[in-house]
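Read through the structure below, which is laid out as structure tokens, and then see the notes.
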2 protein chains.
Amino acid sequence: MTDINRPKPLSPTTAATGPLSGSGRDRGRPLKTGNPLFLREEELRQAIEMLFYAYRDFTGEPDRILADRGLGRAHHRVIYFVGRYPGMSVSDLLNILKITKQSLSRVLSQLVTEGYIRQDQGTVDRRQRLLTLTDKGQELERLLTETQRKLIARAFRAVGPEAVEGFREVMLGIMSSDEDRARFGTRAE
Amino acid sequence: MTDINRPKPLSPTTAATGPLSGSGRDRGRPLKTGNPLFLREEELRQAIEMLFYAYRDFTGEPDRILADRGLGRAHHRVIYFVGRYPGMSVSDLLNILKITKQSLSRVLSQLVTEGYIRQDQGTVDRRQRLLTLTDKGQELERLLTETQRKLIARAFRAVGPEAVEGFREVMLGIMSSDEDRARFGTRAE
DNA sequence: TGTTTATGTCAGTCATATTGACATATATGC
DNA sequence: GCATATATGTCAATATGACTGACATAAACA
């Protein structure tokens, strides 16, 4: 049967699919002999799924708040980063988000039009439009970030500082660019 | 010097932006007196950003592979979970993805039409369409999952088992439903 | 037999992203 | 000062992924 190596059943409705293999211990066959347990296929798959579930839930509540105002997740990202780095330029933002300027344009213009973000001409380089949150923008930013911060804080508090440090290390390892890793420079510990 | 706690400048082009004041708020100050360091606003913000950067990079390479075949991230998720739980029903999948059946429909029909996924009538409950990957689907699933598994494995290997355990704990803490947490049953530690 | 469930579909809409082409103002190097 | 490069913006077309609402069918269940 194809279902020997399966994770546990999903729901009563699929009970038919099987009591299948209990905890699926052996799906975690080593990728190579001698690989430590935490690098087995099963553990790696779990990590993939954890990222999916956690990210989905992490963005869920902000998405709802934004939807009430006719905004989406893309607006959130812009508001977040402009709040984080006030006075950043458009190209800085593009560099972080890694989307095209046309994509950013629609979102950003909307935020400017609706009074969440202000654009000021740069003084050193007058081609630049430096971005800052208006009061209205800050208010929304706080609302959204509060939501996510509480979620993270709750998780952090529940697991303690060592687990948090492990989380940080793994996240840094997943990022593909040194530039991004550098944003989390060696912190006071 | 309100910018004490400000993240470092983003790029040479905004160096001028540096001492930009402002809305700094209490960034970095404890949320409440007595809160441990890892629960300070700055640390929580970093976690928010890490999730963004890590998720963005985590999905980047699969997105490119999929784009070559005219597929998107939504197809990836379907292929992934059908590969993970072969014989799952449509409602199981909806339950995991937490999208509407109409949204799933377009993606799933396309995958069936293009021969990545097979739908078989359930034997116990004949209303159900049980989903499995075809050979073609398995091939793509392996290609995509391999990519992500390698990324995770590299990160895991670099940081070691304790950090990985910390990562797991935090991710579980971020998930909002016990049902999802239960997918990662208490493992041998 | 009547109701609920699992699935599917039609239609309309919105948000987010893409590519490509082109425009303007400013900076910078020779 | 002129040529080129950079920062930003805009128009147009297109794809993808999500939503709501309405309705349809088959099978299970009470």
Side-chain angles (χ1 to χ4, degrees), chain A residues 10-17 52 56 59-60 62-79 87-95 97-114 117 119-131, chain B residues 10-17 56 59-60 62-64 66-79 87-95 97-114 117 119-131:
Chain A
L10 288 165
S11 74
T13 73
T14 3
T17 320
F52 166 74
R56 186 200 58 187
T59 53
D63 282 354
R64 278 183 287 273
I65 295 171
L66 289 153
D68 289 341
R69 311 204 179 200
L71 302 175
R73 197 179 296 179
H75 300 92
H76 184 183
R77 295 194 283 248
V78 170
I79 285 179
M88 77 191 309
S89 70
V90 172
S91 48
D92 287 336
L93 192 48
L94 286 173
N95 206 38
L97 299 177
K98 304 233 197 291
I99 57 174
T100 60
K101 66 177 173 177
Q102 296 93 325
S103 298
L104 176 57
S105 171
R106 215 178 95 277
V107 174
L108 186 53
S109 330
Q110 192 185 341
L111 289 172
V112 169
T113 302
E114 297 179 11
I117 286 184
Q119 289 181 303
D120 300 302
Q121 191 169 52
T123 49
V124 172
D125 184 336
R126 284 181 308 173
R127 291 171 303 181
Q128 294 184 327
R129 305 293 138 148
L130 307 184
L131 308 171
Chain B
L10 288 163
S11 74
T13 71
T14 3
T17 316
R56 186 200 58 188
T59 52
D63 282 354
R64 278 183 287 275
L66 290 153
D68 290 343
R69 311 206 181 198
L71 302 175
R73 198 179 296 178
H75 300 92
H76 184 184
R77 295 195 282 247
V78 170
I79 286 179
M88 75 190 310
S89 71
V90 172
S91 48
D92 286 336
L93 192 48
L94 286 174
N95 205 35
L97 299 177
K98 302 228 198 293
I99 58 174
T100 59
K101 66 177 173 178
Q102 296 93 326
S103 297
L104 176 58
S105 171
R106 214 175 97 277
V107 173
L108 185 54
S109 334
Q110 193 184 341
L111 290 172
V112 170
T113 303
E114 297 179 11
I117 286 184
Q119 290 181 303
D120 300 303
Q121 194 170 50
T123 47
V124 172
D125 183 337
R126 282 180 309 172
R127 292 171 304 178
Q128 294 184 328
R129 305 294 137 151
L130 306 185
L131 309 171

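In what follows, chains are A, B, ... by sequence order, proteins preceding strands, each numbered from 1. Heavy-atom basis, side chains included; hydrogens, waters and symmetry copies ignored. What you are looking at is a predicted structure, and each value in this text was computed from that prediction instead of being measured.
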Given side-chain contact (heavy atoms from CB on, under 4.5 Å), test Gln121(A) with Arg129(A) step by step and report yes or no.
CA-CA 5 Å; Gln121(A) 191 169 52; Arg129(A) 305 293 138 148; 3.9 Å; yes
Euclidean distance, Leu131(B) CG relative to Gln119(B) CD, rounded to 0.5 Å
5.5 Å
Rounded interatomic separation in angstrom, taking CZ from Arg64(A) and P from dC19(D):
12 Å
Distance check: side-chain N/O of His75(A) vs OP1/OP2 of dT16(C), anything under 4.0 Å?
yes
Counting the atoms with a prime plus P, OP1 and OP2 as sugar-phosphate, which does Gln119(A) contact under 4.0 Å by heavy atoms, base, sugar-phosphate, or nothing?
sugar-phosphate
Asp92(B) side chain vs Ser89(B) backbone, donor-acceptor pair below 3.5 Å
yes
Starting at the 5' end of DNA chain C, which residue's closest nucleotide do you reach first, Leu94(B) or Leu71(A)?
Leu94(B)
Whole-Å gap separating P (dG17(D)) and CG (Leu104(B)):
12 Å
Would you indicate what Arg73(B) reaches in the nucleic acid, counting non-hydrogen atoms under 4.0 angstrom: base, sugar-phosphate, or nothing?
sugar-phosphate
Residue among Leu93(A), Leu94(A), Leu108(A) satisfying side chain to side chain contact (heavy atoms under 4.5 Å, CB included) with Lys101(A)
Leu94(A)
Protein-nucleotide distance (Asp63(B), atom CG; dT16(C), atom C1'), rounded to Å:
13 Å
Could you state the NE2-C1' distance from His76(A) to dT16(C), rounded to the nearest angstrom?
16 Å
With nearest nucleotides of DNA chain D determined for Ser105(A) and Lys98(B) from heavy-atom distances, which residue corresponds to the more 5′ nucleotide?
Ser105(A)
Atom CD of Gln110(B) to atom P of dT9(C): distance rounded to whole Å?
14 Å
To the closest 0.5 Å, what do you measure between CZ (Arg77(B)) and NE2 (His75(B))?
10.5 Å
When the distance from CZ of Arg56(A) to P of dG17(D) is rounded to whole Å, what number comes out?
18 Å
Give a yes/no on whether any side-chain N or O of Ser91(A) is located under 4.0 angstrom from OP1 or OP2 of dT8(D).
yes
B/S/- contact track for nucleotides 19-30 of chain C, protein heavy atom under 4.0 Å
BBB---BBS---
Between CG of Leu108(A) and P of dG9(D) the distance, given in whole Å, is 7 Å
Give a yes/no on whether any side-chain N or O of Arg77(B) is located under 4.0 angstrom from OP1 or OP2 of dA18(D).
yes
Say you draw a straight line from CD of Gln110(A) to CD1 of Ile117(A); how long is it, rounded to the nearest 0.5 Å?
11.0 Å
With respect to the side chain of Ile99(A), which nucleotide from dA17(C), dA6(C), dA7(D) is positioned closest?
dA17(C)
Using side-chain contact (heavy atoms from CB on, under 4.5 Å), reason through Leu71(B) and Glu114(B) one step at a time and then give a plain yes or no.
CA-CA 11 Å; Leu71(B) 302 175; Glu114(B) 297 179 11; 4.0 Å; yes
Rounded to whole Å, how long is the line connecting atom CZ of Arg106(B) with atom C1' of dA15(C)?
14 Å
